[in-house]
Amino acid sequence: MGALNLDYLRTFALVADLGSFSAAAERLGLTQPAISLQVRALEKQLGVRLVERVGRTARPSAAGVELLVHAGRIEAATN
């Protein structure tokens, strides 16, 4: 596995926080497809589904919740 892309991790955390790919895209000034691509790339790298889509709502999967537990520490350790 290559190095974890911290921008993709931040994007995933924002999607989980806002519950929406579109809202995360608006907040980051990106398109919704760009946000989806980043989350999919992170999922592929980690080999797990991180987000469950329920209707128009996006929520973290069990693996996503576990990653979110560590995301703050990862962010702090890299700054």
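Residue numbers run from 1 in the order of the sequence given. It should be emphasised that the depicted structure is a prediction, and the values quoted were computed from it without experimental measurement.
Both Leu6 and Val39 belong to a common hydrophobic cluster when Ile, Leu, Val, Met, Phe, Trp and Tyr are linked at side-chain heavy-atom distances under 4.5 angstrom. Each of Leu4 and Leu37 belongs to its own hydrophobic cluster when Ile, Leu, Val, Met, Phe, Trp and Tyr are linked at side-chain heavy-atom distances under 4.5 angstrom.
Every residue meeting the side-chain contact (heavy atoms from CB on, under 4.5 Å) condition with Val48, not counting sequence neighbours, appears here in chain and number order: Leu46, Leu50, Ala63. Judged as a salt bridge (Lys or Arg N to Asp or Glu O under 4.0 Å), and not counting sequence neighbours, the contacts of Arg49 are Glu43. For the salt bridge (Lys or Arg N to Asp or Glu O under 4.0 Å) test, no residue two or more places apart in sequence or in another chain qualifies with Glu66. For Asp7, the side chain to side chain donor-acceptor pair (under 3.5 Å) partners two or more places apart in sequence, or in a different chain, are Arg10. Residues satisfying the side chain to side chain donor-acceptor pair (under 3.5 Å) criterion with Arg73, sequence neighbours excluded, are His70.
Residue Tyr8 comes nearest to Leu42 through the heavy atom pair O-CD2, 3.8 Å, listed as atom of the first residue, atom of the second, then distance. For the residue pair Ser20 and Ala58, the shortest heavy atom distance occurs at N-CB, 4.2 Å.
Atom-to-atom distance recorded for Phe12:CZ and Asn5:CG is 14.0 Å, nearest 0.5 angstrom.
Side-chain contact check for Leu67 versus Leu9: some heavy-atom pair is nearer than 4.5 Å.
For the residue pair Thr11 / Gln38, a side-chain donor-acceptor distance below 3.5 Å is found, with atom types taken as modelled.
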All N/O donor-acceptor pairs, side-chain side in residues 23-34, below 3.5 Å, sequence neighbours left out:
residue: Thr31; atom: OG1; partner: Ala34; partner atom: N; Å: 3.2
residue: Gln32; atom: NE2; partner: Ser36; partner atom: OG; Å: 2.7

Using the rule given for side-chain contact (heavy atoms from CB on, under 4.5 Å), can you reason through Val54 versus Arg59, listing the C-alpha separation, both sets of side-chain angles and the distance that settles it, and then say yes or no?
CA-CA 8 Å; Val54 180; Arg59 64 179 183 214; 3.7 Å; yes

